[in-house]
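Residue numbers begin at 1 in each chain, while the letters A, B, ... track the order of the sequences.
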2 protein chains.
Amino acid sequence: MLREDVTDAIRAAVFEELAAVGFARMSIEGIARRAGVGKTAVYRRWKSKLSLVLDLVSAFAAQGLPAPATGSLYGDVRALLEVAAHALRHPVASQVIPDLLVESARNPEISDAIKAALLDGQRGVAALIVRDAVARGELLESTDADRALDVIVGPLYWRLVVVRSGLPEGYLDEVARGAVAALRA
Amino acid sequence: MLREDVTDAIRAAVFEELAAVGFARMSIEGIARRAGVGKTAVYRRWKSKLSLVLDLVSAFAAQGLPAPATGSLYGDVRALLEVAAHALRHPVASQVIPDLLVESARNPEISDAIKAALLDGQRGVAALIVRDAVARGELLESTDADRALDVIVGPLYWRLVVVRSGLPEGYLDEVARGAVAALRA
DNA sequence: CGACGACGGAACGGTTGCGTTCCGACGTAA
DNA sequence: TTACGTCGGAACGCAACCGTTCCGTCGTCG
């Protein structure tokens, strides 16, 4: 029987190593070292660096994403932004997510895992938000849910991950208001 | 005297290598191999992988960014989007830029170079667009240029680099219209 | 209590890249 | 023609990591 505390230590070490040096530079020796564990313990569980990361990302996907239903388009958008900002402000996540996204451009397996873990969930939430708003008469039926997601999450991602400047007071409110206006246009 | 054709071959090879394997995995041996050049020729010019990349990025920065002045906010936004989309659709650029952005989170020198080469230019353009629009009465004086840039470029970056789906017909028009509406809100 | 299996640790041979040092060939400028 | 400097190429010793194998130890089942 594999010891679960060792498994957990390895999983945690992978996250830390991923954040510290990135997928490309990450080594199994480094993971074992950080976890305070023998290399054998790692190889006994996973056959490669890739399967280790795929396993972690998939576990993340299983969590699912709560769909906001506040009763108004603005409320839903604002709630989605809140969740996204919360995730992207975690120092580990804000390092790991873009790193894996870049890697996924070169590795179809990572790409699939990321899509399933993050993007598909967000697409689904966006689709629900748009559907409800259309039912309420807040948006036209022709509104494209994917473009809605772009308009809602894009500015936040750009600021937090690309430009890497902070979130000023009231920024999420402004972006939410702007996104609603953009979708109505 | 260093031969210029050799220098150019190395520069080109760095770009290709950067796009193919990313900064983290890129090696000087690999660059020399790709350029069809001895390792010595590389070390005679640059002292490390980092200085090689910094040199290239800085050269890119020197180009500058044309500031649109179409006479309307929508026209300016649309023009800025056109330039950005053109850059991000180049397969090399769409691979290299996010890669260096991720790397810049770990390396202040890369971060500074990227800021100077890309972000500062875009911030300046956004500031000009906002200033003109305010003068025309299209926007309030209180409009924040940085947030404007987020709203304009964010959705495009999200779609082209993060989600990596294509640009549907008329997408740039819609985003431009949406961004203008968002800024007015 | 005895057998089993996972544990950390050390070592294996092999690969890759580092940064440096030589070499002989070539081209150019004095 | 001679002298110099760059060229590509090969080799250097060094370091890191690969994936595997073999230990002796320890905890847990049966």
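The stretch residues 117-129 of chain A participates, sequence neighbours left out, in these side chain to side chain donor-acceptor pair (under 3.5 Å) pairs: R123(A)-D146(A). The list of salt bridge (charged side-chain N to carboxylate O under 4.0 Å, His left out) pairs with a residue in residues 41-70 of chain A, not counting sequence neighbours, reads R11(A)-D55(A). Contacts classified as salt bridge (charged side-chain N to carboxylate O under 4.0 Å, His left out) and involving residues 14-24 of chain B (residues at least two apart or in different chains) are given here: E16(B)-R34(B), E17(B)-R34(B). Each salt bridge (charged side-chain N to carboxylate O under 4.0 Å, His left out) pair with one or both residues in residues 152-164 of chain B, not counting sequence neighbours, appears once here: D150(A)-R159(B). Within the structure, salt bridge (charged side-chain N to carboxylate O under 4.0 Å, His left out) contacts touching residues 173-185 of chain B (residues at least two apart or in different chains) are R147(A)-E174(B), R78(B)-D173(B), E138(B)-R184(B).
Nucleotide dG9(D) holds its C1' atom 15 Å from the OH atom of Y43(B), rounded to whole Å. Rounded to an integer number of Å, the gap from CD1 of I28(A) to P of dT15(C) is 19 Å. Between K47(B) atom NZ and dG19(C) atom P there is a gap of 10 Å when expressed in whole angstrom units. Atom CD in E17(A) sits roughly 12 Å away from atom C1' in dC17(D) (whole-Å rounding). The interatomic distance linking I31(B) (CD1) with dG9(D) (P) rounds to 16 Å, in whole Å. Spacing between atom CD of E29(A) and atom P of dA15(D) amounts to 15 Å, rounded to whole angstrom units. Between W46(B) atom CH2 and dG19(C) atom C1' there is a gap of 17 Å when expressed in whole angstrom units. Between L52(B) atom CG and dC18(C) atom P there is a gap of 11 Å when expressed in whole angstrom units.
Where the helix from dC1(C)-dG30(D) to dA30(C)-dT1(D) starts and where it ends, the local axes point in directions that differ by 10°; five pairs per end, rounded to 10°.
With sequence neighbours left out, L128(A) forms a side-chain contact (heavy atoms from CB on, under 4.5 Å) with A67(A), R131(A). Legend: residues meeting side-chain contact (heavy atoms from CB on, under 4.5 Å) with S58(A), ordered by chain and number and at least two apart, are absent.
E141(B) CD: 12 or fewer foreign heavy atoms inside a 6.0 Å radius. More than 12 heavy atoms of other residues, nucleotides or ligands lie within 6.0 Å of CZ in R136(A), so this atom counts as buried by the packing criterion.
Other residues sharing a hydrophobic cluster with V151(A) under the 4.5 Å side-chain heavy-atom criterion for ILVMFWY residues do not exist; the residue is a singleton. Under a 4.5 Å side-chain heavy-atom cut-off, the cluster of Ile, Leu, Val, Met, Phe, Trp and Tyr residues that includes V102(B) is completed by V102(A).
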Q: Would you mind building the protein contact string for nucleotides 23-30 of chain C? One character per nucleotide, 5' to 3', B for base within reach (heavy atoms under 4.0 Å), S for sugar-phosphate only, - for untouched.
A: --------
With 3.5 Å as the limit, what N/O pairs link the protein to nucleotides 6-9 of chain C?
from: dC7(C); atom 1: OP1; to: R3(A); atom 2: N; distance (Å): 3.4
from: dC7(C); atom 1: OP1; to: R45(A); atom 2: NH1; distance (Å): 3.4
from: dC7(C); atom 1: OP1; to: R45(A); atom 2: NH2; distance (Å): 2.5
from: dC7(C); atom 1: OP2; to: R44(A); atom 2: NH1; distance (Å): 2.4
from: dC7(C); atom 1: OP2; to: R45(A); atom 2: NH1; distance (Å): 3.2
from: dG8(C); atom 1: OP2; to: G38(A); atom 2: N; distance (Å): 3.2

